[in-house]
Amino acid sequence: MEFRVDRQLAFLAVVNVAVLVAGGVLVGASFLDIYNLQSMAGQVPELGLLALGVMLAMISGNGGIDLSGIALANLSGVIAYLVLRDTVSPDDAPLLFSWSFAGIALLVGLVGGMLNGFLISSAGLTPIIATLGTQLFFTGLAIAFTNGSALGLGFIEPLDAFGNTPVLGVPLCFALFLLIALILGGVLRYSPFGLRLLLLGNNAKAARYAGIAEKRILFLTYTACGVLASVAGIVIAARTSSVKWDYGNSYVLIAILIAVMAGVRPEGGYGRVICVVLSATSLQILSSLFNFMDISNFFRDLAWGVLLLVFLATSGFDAKAWFKALRG
Amino acid sequence: MQLKHEAGAPHPGGETSKAAIPYLEIRDVQKRFGGVRALKGVSFSIEPGQIYHLMGENGCGKSTLIKIISGAQPADAGELLIDGKPVGHLTPVAALAAGIETVYQDFSLLPNLSVAENVGLTQQLVAASGKLARRLDLGRMRQTAERALAAVNLPTTRAFLSTRTDELPMATRQLIAIARAIASDARLVIMDEPTTALTKHEVDNLICIVNRLRAKGVAVLFVTHKLDECKSIGGRAVIMRDGQKVAECDIADHTKAELGFWMTGKVLDEARYRSAPKFGEDLLVVDALSLKDTFANVSFSMRRGEIVGITGLLDSGRNELARAIAGVAPADTGRIRLNGKDVTPRKPADAIDAGIGYVPEDRLSEGLFLEKPIEENIVVPVLDRLRGAFGILDGRRSRALAKRSVEDLQVVTPDVANPVQSLSGGNQQRVLIGRWLTINPKLLVLHGPTVGVDVGSKDTIYRIIQRLADEGMGVIIISDDLLELLQNCDRIMVMRKGEVVETFQAEALEEEALYRALVEETTVRTPQ
Amino acid sequence: MTDTTFNGATPAGNDKVSLGSAWRWLLRHPPVVTFALIVLVCLVVGSINTDFWQVSNLFDILRASVVRGLFALGVLVVLASGGIDVSFTAIAAFVMYTVTMLVTNLLPGLPMPVILLVAAAGGACFGALNGVLVHALRAPSLIVTIGTQYVIRSFLLTFVGTALFMNIPGSMEAFGKLALFTHQSANGSISVLPAFVLVLAVAAAVTWWILERTLMGRAVYAVGGNPGIAERLGFNLRTVHIFVFAYAGLLAGIAGIMHVASNRLANPFDLAGTELEIIAAVVLGGARITGGSGSVIGTLLGVVLITLVSNVLILVGIPSTWQLAIIGVFIVFAGTVFSLRAKG
Amino acid sequence: EETPSIVTVVKVTGENWFTRMNEGVDAYGKENPGVATSQVGPGKADAAQQGRLIEDLVAKKVAAIAVVPMDASALEGVLKRAAQRGIKVITHEADNMKNTLVDIEAFDNKVFGARFNEKIAECMGKSGKWTSFVGSLGSLTHVQWADGGSENAQKYPEMELVSEKNESFNDANRAYEKAREILRKYPDIKGFQGGSAIDVIGIGRAVEEAGLQDKTCVFGIGLPKDTGSYLESGAVDGISFWDPKDAGYVMNKVADMVLKDEELKDGMDLGVAGYEKVTVKKGAGDGVIVVGQAWVDVDKSNYAKYPF
Ligand SMILES: Nc1ncnc2c1ncn2[C@@H]1O[C@H](COP(=O)(O)OP(=O)(O)OP(=O)(O)O)[C@@H](O)[C@H]1O
Ligand SMILES: Nc1ncnc2c1ncn2[C@@H]1O[C@H](COP(=O)(O)OP(=O)(O)OP(=O)(O)O)[C@@H](O)[C@H]1O
Ligand SMILES: [Mg+2]
Ligand SMILES: [Mg+2]
């Protein structure tokens with residue numbers, strides 16, 4: 001089970017480099033300076049984590065998808081802040097505040113993910129319906145708890161450092177994202193759980209017949225999606241110093257875009273973490289490039305849509321066979 | 001006996017080609033799926049009012065041929081002529097419009113539509129020549145449905161007409177599919193194994209229907225494995241082997257042995273694989289196992305080293321019984337004891353923990369992870385045992401285990417990292433058996449172990465089964481293939497309507513007797 | 001013979017009216033669950049605040065159901081065929097903005113029926129594009145329509161315009177104001193039932209007729225039930241795919257015009273983000289997200305339920321901030337009930 | 001040396017309000033070749049997208065950023081980093097913002113709110129029920145206007161504030177539905193104070209449909225062209241606004257001054273109507289707040305004079 005470089009991976013790596021080079025040529029050296037690289041890296045985790053969640057859900061098959069990710073991310077931040085607002089003073093004990101913030105947010109993510117997992121694995125809801133319902137529910141709770149307004153955290157040193165400060169040149173939140181990706185990749189590849197999840201997504205019936213505990217795996221998978229969402233929630237809170245119910249309301253779709261671009265199969269059974277990471281970074285670099293070039297944001301969305309359709313069209317496309325045919 | 005009739009050679013059984021133009025003529029039709037040449041150039045003609053039996057081993061291309069005739073799949077090469085005129089690319093609607101009606105092997109009923117719609121809709125679709133922007137004539141649809149249902153002795157009440165078909169039992173669905181085929185003015189009715197789900201009585205009724213159709217000048221094309229049934233219906237036999245037509249003859253003129261020879265290219269070796277069984281202590285005790293609406297009060301026991309066969313019609317409960325023993329669809333009541341311990345499984349994992357391996361009926365949809373490596377397909381039940389440091393999978397051990405399994409079962413593959421879909425049917429089946437051998441099972445349940453597997457592979461698989469039994473494993477074989485049961489088992493249980501009605505000692509049992517027990521309405525002998 | 005087979009035909013076979021069979025009947029008729037929920041909400045709200053039983057309230061719910069209802073009927077047809085569409089709001093926004101702009105700038109006197117026709121045709125074209133893509137790319141329609149949603153909306157905003165459009169054509173404004181029924185309450189305030197609710201009524205009737213009385217309708221359900229078998233039986237999958245998405249697009253185009261006419265302004269940013277709520281309404285009405293089922297009446301009830309929940313909370317003193325959470329709970333509840341149906 | 005660039009970041013691209021603001025931004029750039037001015041904004045009113053946009057501007061290292069925040073608190077972090085990178089940060093409509101050098105307010109928001117209320121009070125005869133709308137509770141200025149209004153209303157004991165600060169989420173249709181709910185719950189309501197620029201449009205429509213043009217008093221912020229038909233019918237009685245073009249111009253002017261290290265003095269003249277004599281006071285953070293008197297009142301008689 002050694003590291004494989006497949007077509008998708010090679011392609012995404014090329015795209016990353018190509019966009020970086022294009023940036024260097026079109027914008028100038030400032031696009032490639034360390035500050036911008038760090039700035040772009042810092043922006044990746046929020047979406048990257050949500051996309052990892054979408055990937056897990058998609059891998060599990062049966063139309064798996066998690067529409068509730070960003071809603072749960074926001075809810076985690078909101079609840080963590082509301083709980084701590086009156087109990088821990090961020091000015092007196094910033095470190096305690098930050099850690100408890102993260103802890104509570106993770107707990108909310110865990111519970112939210114377990115709710116999704118329960119609905120899908122035991123109550124037997126289709127993932128779309130379950131996560132659609134919980135998306136509205138989580139968002140609704142966040143609105144209800146905050147009356148719809150943003151809550152400012154103020155400047156909390158450790159949290160802010162986590163969101164924005166590079167350590168050894170790498171933004172902490174990006175490092176965390178990479179660490180999580182690494183662990184997730186390892187779990188998918190080298191653990192019985194991961195292998196079972198991939199097999200389950202490939203053929204649910206065969207998996208059940210082979211003794212794979214379908215319910216348990218689905219439950220754990222969606223729970224993991226919830227936890228990933230709450231980590232995204234922590235990153236968001238750290239980077240914006242605030243929590244709000246509708247932060248990133250366009251993220252649901254972009255996370256799906258990242259996953260599909262990464263070659264995750266929407267029908268289940270296949271997906272690679274490294275591809276999702278590269279897909280997220282290439283999208284971020286492209287997005288930053290557009291911003292540097294003052295290209296309208298509407299146009300950027302247009303590009304995303306076209307990109308998604310193009311990836312769908314070419315994913316079934318077999319380059320090798322094509323070349324073979326070309327050569328005769 | 002030597003092979004007399006090569007492909008393309010003039011068929012036996014005398015003259016059939018008359019001066020008249022046949023209704024349907026198939027000329028040199030070819031079809032390939034990836035690397036498989038399913039049809040290698042098949043020609044024959046269908047005359048009005050004639051009955052044909054398309055015969056051949058699993059995978060020889062029968063279903064593919066009828067899919068091409070009915071427009072469900074295009075041929076790669078060759079020609080179809082209807083009334084002497086070439087029809088070019090035949091779509092399902094065009095085939096229906098030309099009077100070709102098909103009863104598919106899987107019935108092809110729309111699960112969420114009503115009985116009336118399933119029976120009466122196609123006629124309207126054909127009348128509109130496939131155009132969908134047409135009004136639906138509800139009255140006519142009902143009339144059509146009522147008439148067709150009455151012809152197959154199904155009720156025509158309003159309640160029944162409006163039932164969804166996925167709420168009906170198998171036999172009823174089969175009859176509905178037949179009703180649909182005869183609902184409109186067909187000129188050729190194709191039936192792909194229409195009797196597997198039917199009782200003797202219903203089969204007799206079907207034969208009446210077929211005779212009526214024939215009298216009206218309608219041609220009927222059966223696809224079937226049941227030689228006795230074919231003989232009792234009569235008509236012409238079209239025999240295929242390995243994608244080619246090898247013979248065509250009047251079915252009455254030839255013995256079963258001859259037909260069998262043409263189908264397999266070998267003298268049918270009916271010799272038993274089973275010899276000198278050595279039974280050990282008691283292994284399995286099934287005690288009053290019941291599942292609502294499917295089977296009731298099934299009890300039997302077997303010993304180590306014993307091979308037990310179970311057979312019955314499609315909804316006799318044999319499939320569900322197998323699934324209950326494997327924990328896939330647990331029974332409501334009753335007990336299963338293995339080595340004296342109660343192991344009644346609630347889910348497949350329970351059965352696996354107890355040492356029961358289950359090779360399911362449909363290897364593609366229930367057994368294999370087609371795009372995944374052979375290795376993963378084999379080691380899946382023992383992943384937990386392959387953990388190394390930090391709970392990480394030990395790749396080397398896993399690979400070694402898969403390789404050993406592949407060698408042991410003679411799976412032909414260069415690398416266990418290849419996806420299992422790169423294997424042929426017989427090899428895929430051996431991978432599945434290999435999967436269960438990794439858990440060192442005490443009991444192996446094989447559900448249709450050689451469906452879609454050719455003769456050579458069958459032989460290998462049978463030898464493996466015998467070896468496993470000799471090593472002290474208990475084996476249960478659930479199968480339609482009576483010969484397979486007779487060749488391999490020590491005992492054969494026949495199920496009807498959810499009950500085990502007879503149990504035979506396989507040794508010296510006649511296939512004829514077994515067949516009669518299978519389709520008989522009532523029990524004549526008491527179980528042994 | 002007939003008798004024996006018939007016994008086999010009804011496996012459950014117990015005709016006694018028990019709690020179990022009532023439950024089963026309920027599960028087979030999902031709109032009943034929806035209707036029960038509506039009645040429940042009405043009774044609870046009405047008993048807490050008698051103001052609920054006002055004609056004006058009824059009018060408001062009907063008025064607010066129109067655009068949602070039109071969307072939902074389109075979604076129903078797509079869901080019934082086994083697909084899913086999230087691009088209809090983008091189509092509606094595109095059509096409503098472009099048509100309003102074109103009519104104002106080029107043909108200010110265009111009568112309303114022609115405007116509706118143009119909008120319907122435009123929406124149908126976009127929808128057909130969806131259908132072609134879904135069929136050709138053989139990818140899940142959810143993901144395809146996410147793509148087209150992005151393309152359509154951002155094309156609108158990049159190349160057509162972004163500014164709020166206040167001066168809508170006279171014919172549209174007049175149509176929006178046209179009253180079907182006017183009610184004067186005791187305190188003198190007037191409530192109006194706008195005539196455009198008739199558009200929803202007509203659309204519902206037409207959709208019902210297509211689904212229940214044409215071959216296309218049966219084809220939609222057939223494809224939703226099992227596309228492989230439907231194709232084998234002679235139903236043309238491509239025709240069905242293109243039809244369902246085009247029909248959803250057509251209704252979306254009309255819904256866009258209704259939105260403008262009733263709001264008296266065309267805002268290209270409008271309607272975005274409401275698609276999941278609409279899908280939720282259809283699912284609440286008993287359509288399975290996996291296809292092959294769903295009814296017009298159920299869909300309308302689902303729309304009414306969602307509208308009701310978003311309109312009446314203030315009357316019972318629940319802050320409207322709880323609206324979304326409550327809809328979410330309803331969906332999870334309905335989803336659970338319907339998944340029981342699938343199992344039982 | 002390159003000309004320093006001042007980038008104005010708005011809440012969302014394409015809305016009439018910010019399109020008008022763009023005119024001011026461009027105008028300043030044209031008049032002052034020494035700086036390059038431009039305006040950007042997210043395609044969707046999403047605080048996350050606005051934050052990302054600014055993030056990239058900081059990486060790009062523009063000279064100055066002038067922001068109209070979607071959600072002030074969500075931008076504190078990124079604007080702090082901008083400052084650390086030596087970028088001058090100017091804000092508008094965010095007087096609680098900490099990480100800004102200068103926040104520009106067209107006027108004192110409390111006073112502005114009180115002015116609305118005064119007009120409503122006069123119109124409704126200083127008695128009866130009234131309510132207020134805000135775009136969202138997160139929009140600081142909207143909340144300040146609503147609060148300014150309610151403080152002013154305390155002068156009139158007969159006036160009763162009901163169901164205050166309804167959120168329209170900057171959506172005319174939401175505002176309409178909220179207004180209908182309120183009309184239903186309080187059929188005798190007389191006054192509406194709008195917060196976001198489209199609130200009066202929605203309220204006006206609800207009032208018109210209920211036939212209550214003459215029985216209600218609707219005042220609020222709004223743009224003349226958008227609100228025209230409702231002013232005409234009397235459903236909306238008056239609107240006030242500050243010209244976003246001037247605000248855009250002033251933001252860039254102040255940014256330019258900061259870049260040139262010029263001092264911002266109390267009472268100075270920024271050369272635009274309404275900002276001739278600005279007040280400079282201390283802000284929430286280290287920066288200052290510059291306040292003008294740039295409001296414009298409009299009613300049925302004079303709305304046609306304004307082309308936007
Ligand atoms: N869709 C397909 N893709 C790839 N191979 C196929 C496909 N359909 C059939 N085949 C292959 O074509 C060959 C002929 O299959 P076919 O189904 O016609 O056999 P059959 O004679 O009907 O067998 P059975 O008695 O088992 O029904 C087999 O090798 C089968 O595996
Ligand atoms: N239903 C199917 N779908 C896809 N591929 C199939 C299918 N059936 C067979 N194949 C492919 O066709 C090839 C040949 O299959 P086939 O079953 O005819 O082999 P075979 O020569 O009969 O081998 P064996 O003796 O092992 O049964 C295999 O590579 C297999 O992957
Ligand atoms: Mg077959
Ligand atoms: Mg084979």
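Below, chain A is the first sequence line, B the second, and so on; all start at residue 1.
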Is there side-chain contact between C:F235 and B:T122, with heavy atoms separated by less than 4.5 Å? no

CZ (B:R212) with more than 12 external heavy atoms under 6.0 Å: yes

Any donor-acceptor N/O pair, B:N112 side chain to C:A222 backbone, under 3.5 Å: no

Sort B:Y104 into side chain, backbone, both or neither according to what part of it lies under 4.5 angstrom from a heavy atom of chain C. side chain

Do C:R232 and B:S108 have side-chain N/O donor and acceptor atoms under 3.5 Å apart? yes

In terms of heavy-atom proximity below 4.5 Å to chain C, should B:Q124 be classed as side chain, backbone, both, or neither? both

Which bit of B:R180 is near chain C, if near means a heavy-atom gap under 4.5 Å: side chain, backbone, both or neither? side chain

Name the residue from C:T239, C:V220, C:T214 that meets the side-chain contact (heavy atoms from CB on, under 4.5 Å) definition with B:L132. C:T239

Side chains of C:L233 and B:P92: does their closest heavy-atom pair fall under 4.5 Å? no

I'd like to know which of B:L125, B:D166, B:L113 tops the heavy-atom pair count under 4.5 Å against chain C. B:L125

Which atoms of C:F243 are under 4.5 Å from chain B, going by heavy atoms: the side chain, the backbone, both sets, or neither? neither

For the residue pair B:L138 and C:R213, establish whether any side-chain heavy-atom pair is separated by less than 4.5 Å. yes

Do B:L121 and C:L215 touch side chain to side chain, with heavy atoms closer than 4.5 Å? yes

Between B:P111 and C:N226, which heavy-atom pair has the shortest distance, and what is it? CD-CB, 4.1 Å

Value rounded to 0.5 Å, distance of CE in C:M216 from NZ in B:K131: 12.0 Å

